[in-house]
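Here the structure is laid out as structure tokens; the discussion comes afterwards.
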Amino acid sequence: MDHDSADHPKVPRKPRRGSQADLPPEGLVSADVDPATSAAEEDDEARLPEAAEETLDPVAEGTLAVGHAAIENAVRLAPTSPGVYRMLNAGNDVLYVGKAKNVRKRLSSYARVNAPLPARILRMIAATVTVEIISTTTETEALLLEANLIKQLRPRFNVQLRDDKSFPYILITGDHWAPQILKHRGAQSRPGRYFGPFANAGAVNRTITALQRAFLIRSCTDGFFESRTRPCLLYQIRRCSGPCTGEIDFPGYTELVREAGDFLSGRSHDVKKQLAGEMEKASGELEFETAALYRDRLAALSAITSQQGINPRTVEEADVFAIHQEGGYSCVEVFFFRTGQNWGNRAYFPRAEKSFTPEEVLASFLAQFYDDKPPPKLILLSHEIEESELLADALAVKAGNKVEVSTPKRGEKKELIAHALTNAREALGRKLSDTATQGRLLQGMATTLQLPVPPKRIEVYDNSHIQGTNAVGAMIVAGPDGFIKNQYRKFNIKSEGLTPGDDYAMMREVLERRFKRLLKPPEGDAAQGKSGAKADDDSFPQWPDLVIIDGGRGQLNAVREIFEGLGLTQVSLMAVAKGPDRDAGRETLFMPGREAIKLEPRDPVLYFIQRLRDEAHRFVIGSHRKLRKKDIREAGLQEIPGIGPSRKRALLHHFGTLKEIERASIADLGKVPGVSAESARKIFEFFHAQPG
């Protein structure tokens, strides 16, 4: 599905020509990708929630009577019209959100004392002390409101869609005379055409790369485009037509953009047929180089369809949902088909108690899934759900056109469902296996470190800087499902008067900024305490059970003092010191009030701790390098000791750009007039220094 935004192209400027090439900016996108999602891009698959175990203990009759009385009071005031009701416990926490065509009739079913209800419903009634009701005009409005409230409030007794986030789109911009192709997340406010959604960032990146080869559309930012005096490397490797320097004229580039839009809009067959005709024509006229270009473009388009796997013949636009349950968990596999092309799939693991049937989980999942996403014209399901017509009507209101919800029984649509079911079964199997392995490691860590319980949330901290400059701290998070990348955080060190290279002071700033925020919860959350979650909530906690830092006994004592100053007594603390010559496998572990711990080199727990430390190091080094590169771009060569204005001019005159200076060897730098061997070494070390 593609969307058009307002189009305000700039007037073409006079092209500037050159001969040599240099590199485009790193990556295909910059400002158009939400930086907060960058850490999570590598791991788009959702987390597996803890299974919500059903208690086997009978519900106390007195408690159940209190719940029945509370619901009976609500029945007397409930309307007979459509609406949404919320059941609350003594702590004013929402236990359940439901909707009904007749609210009074629905609540009356809960108030019947001897009604045969599942244990889950009985426990919910027993915990209820208040019922709140919101009236709606129609049942459709009630369904949409119910889904919105469930996603906001995350009630304990509802099916919960977890790890939900916006999907990436491909954007062909419309605010420049030479449109750019890029990946886009979030609000579609920039003028241009949006194609999607795609299941994950990997699917978008692969498609953009192939589209660049097929249609030669630029991917660089407008700022980089305007500063060009010669084509960049993408032009040389035939992934861009070079509109920045006039290698292609305006009508020719516009035609390429039109072809790309046609391909993404579903007219891929027409585009391929046109390119094949042009190739045959060029070959017939003995223009073999031109024919080869068309051949390569056709091959790139074929690569897109081959990577997409299944491309249905009779399904133009649809989302396919298949659910599989095993071991008390549910997995919903979603496939996206747009313009007759498979634009990827993703597995979700909603939280639901074991008593929920696949149909109940799928029905609740769908309403929440489309709460903030545009639905397609067709939704295919593996299981028939109740009120499918109501769901279709509600989604039609959101989409502004008819939406069909169907459970196919035969034909190609049934084959799509079968394929999605296979993927759901395999995804849940993999997740259960990975979670079991991770659970054993966490249990082993608890035993080895003498922790009271296996940690659910582990936070690892590290710092990076070069002689105190561009100092940055970072936190990575791990839990029962492995690394939780959407919880990673970086901290740009801001303290004034900080002694360059003072690792203790940097760590103090990072930890204080992290935990002072948790020590002051928002209003209404004070009752939660430092656990970061309610007692009956199995969500991933915000408070760590274990904090790991890179360092020895000195770093441990410094952090312990910080924790004591903040009043943190429930968080376990450990430092990991590298072995002699920084050998992996010979690390020493330090914990407050205990002797140093040395594990065998092949101990799985030690290997797990090494992975945690190395991941923190990787993340903080990456964050430092991004900050340093930005600093270098803004400051230029003035920051290099001994490089004045005259040498700067000589370097830029010789190499052309700062990027080329950064890539140059010491020998190449020494060839610049006025740059001595010592200056060349300083320049090289400035760009290639290793952060500490």
Side-chain angles (χ1 to χ4, degrees), residues 34-40 455-479 483-526 528-533 539-552 554-576 592 612-613 615-628 630-631 691-692:
D34 181 4
T37 67
S38 60
K456 287 184 65 176
R457 180 185 179 105
I458 301 172
E459 294 182 358
V460 189
Y461 293 85
D462 200 359
N463 297 325
S464 181
H465 62 91
I466 294 179
Q467 297 179 349
T469 63
N470 302 116
V472 62
M475 172 190 80
I476 67 108
V477 182
F483 295 117
I484 315 299
K485 296 190 177 182
N486 61 2
Q487 301 268 330
Y488 287 15
R489 296 293 182 268
K490 69 174 182 177
F491 303 83
N492 293 330
I493 305 300
K494 301 176 180 178
S495 297
E496 296 181 1
L498 189 82
T499 303
D502 189 344
D503 288 330
Y504 291 172
M506 286 189 283
M507 184 61 71
R508 175 180 294 276
E509 177 180 338
V510 169
L511 293 174
E512 287 181 348
R513 284 167 59 185
R514 160 64 178 151
F515 287 101
K516 280 184 177 178
R517 193 170 299 146
L518 287 179
L519 288 167
K520 296 179 181 179
E523 291 186 12
D525 292 349
Q528 293 179 210
K530 295 182 182 180
S531 65
S539 62
F540 192 65
Q542 294 301 309
W543 276 87
D545 302 302
L546 174 65
V547 168
I548 299 177
I549 58 172
D550 187 11
Q555 283 87 348
L556 177 73
N557 292 333
V559 173
R560 184 177 60 180
E561 291 179 4
I562 297 170
F563 276 23
E564 290 175 352
L566 295 173
L568 302 177
T569 58
Q570 303 300 318
V571 179
S572 299
L573 181 62
M574 183 178 72
V576 183
L612 294 172
R613 179 201 59 198
E615 172 68 2
H617 191 62
R618 179 201 65 80
F619 182 60
V620 75
I621 290 296
S623 301
H624 170 85
R625 284 174 175 163
K626 289 180 182 178
L627 188 65
R628 177 170 159 77
K630 178 182 177 183
D631 224 28

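Counting from 1, the numbers follow the sequence of the chain as shown. It should be emphasised that the depicted structure is a prediction, and the values quoted were computed from it without experimental measurement.
- Residues Leu573 and Arg560 form a side-chain contact, since some pair of their non-hydrogen atoms from C-beta on lies under 4.5 Å apart.
- Under the 3.5 Å distance criterion, the side-chain polar atoms of Gln555 are matched with a main-chain donor or acceptor of Gly552.
- We find the CD1-CZ distance between Ile562 and Arg508 to be 4.5 Å, quoted to the nearest 0.5 Å.
- Leu556 places a side-chain heavy atom less than 4.5 Å from the side chain of Pro592.
- The side chain to side chain contact (heavy atoms under 4.5 Å, CB included) test with Val477 singles out one residue from Arg489, Arg457, Glu615, Lys485, and that residue is Arg457.
- Looking at every heavy atom in both residues, Phe619 comes nearest to Lys490 through CE2-N, 4.4 Å.
- Residue Arg613 comes nearest to Val460 through the heavy atom pair CA-CG1, 4.4 Å, listed as atom of the first residue, atom of the second, then distance.
- The two atoms that bring Ala575 and Gly551 nearest to each other are CB-O, 3.5 Å, heavy atoms only.
- In this structure, Leu546 CG and Glu459 CD are separated by 9.5 Å, a value rounded to the nearest 0.5 Å.
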Given side chain to side chain contact (heavy atoms under 4.5 Å, CB included), test Phe515 with Val547 step by step and report yes or no. CA-CA 12 Å; Phe515 287 101; Val547 168; 4.1 Å; yes
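- Between the side chain of Asp550 and the backbone N or O of Asp462, no donor-acceptor pair lies under 3.5 Å.
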Could you walk me through whether Trp543 and Leu568 pass the side chain to side chain contact (heavy atoms under 4.5 Å, CB included) check? CA-CA 11 Å; Trp543 276 87; Leu568 302 177; 3.4 Å; yes
Stepwise side chain to side chain contact (heavy atoms under 4.5 Å, CB included) test for Ile476 and Tyr461: CA-CA 7 Å; Ile476 67 108; Tyr461 293 85; over 6 Å; no
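- When every heavy atom of Leu566 is checked against every heavy atom of Glu512, the shortest pair comes out as CD1-CA, 4.3 Å.
- Summarising the geometry of Gln542 relative to Arg514, their closest heavy-atom pair is O-NH2, 2.8 Å, with the distance given to 0.1 Å.
- Contact annotation: the side chain of Leu612 approaches that of Ile548 to within less than 4.5 Å [non-hydrogen atoms, C-beta and beyond].
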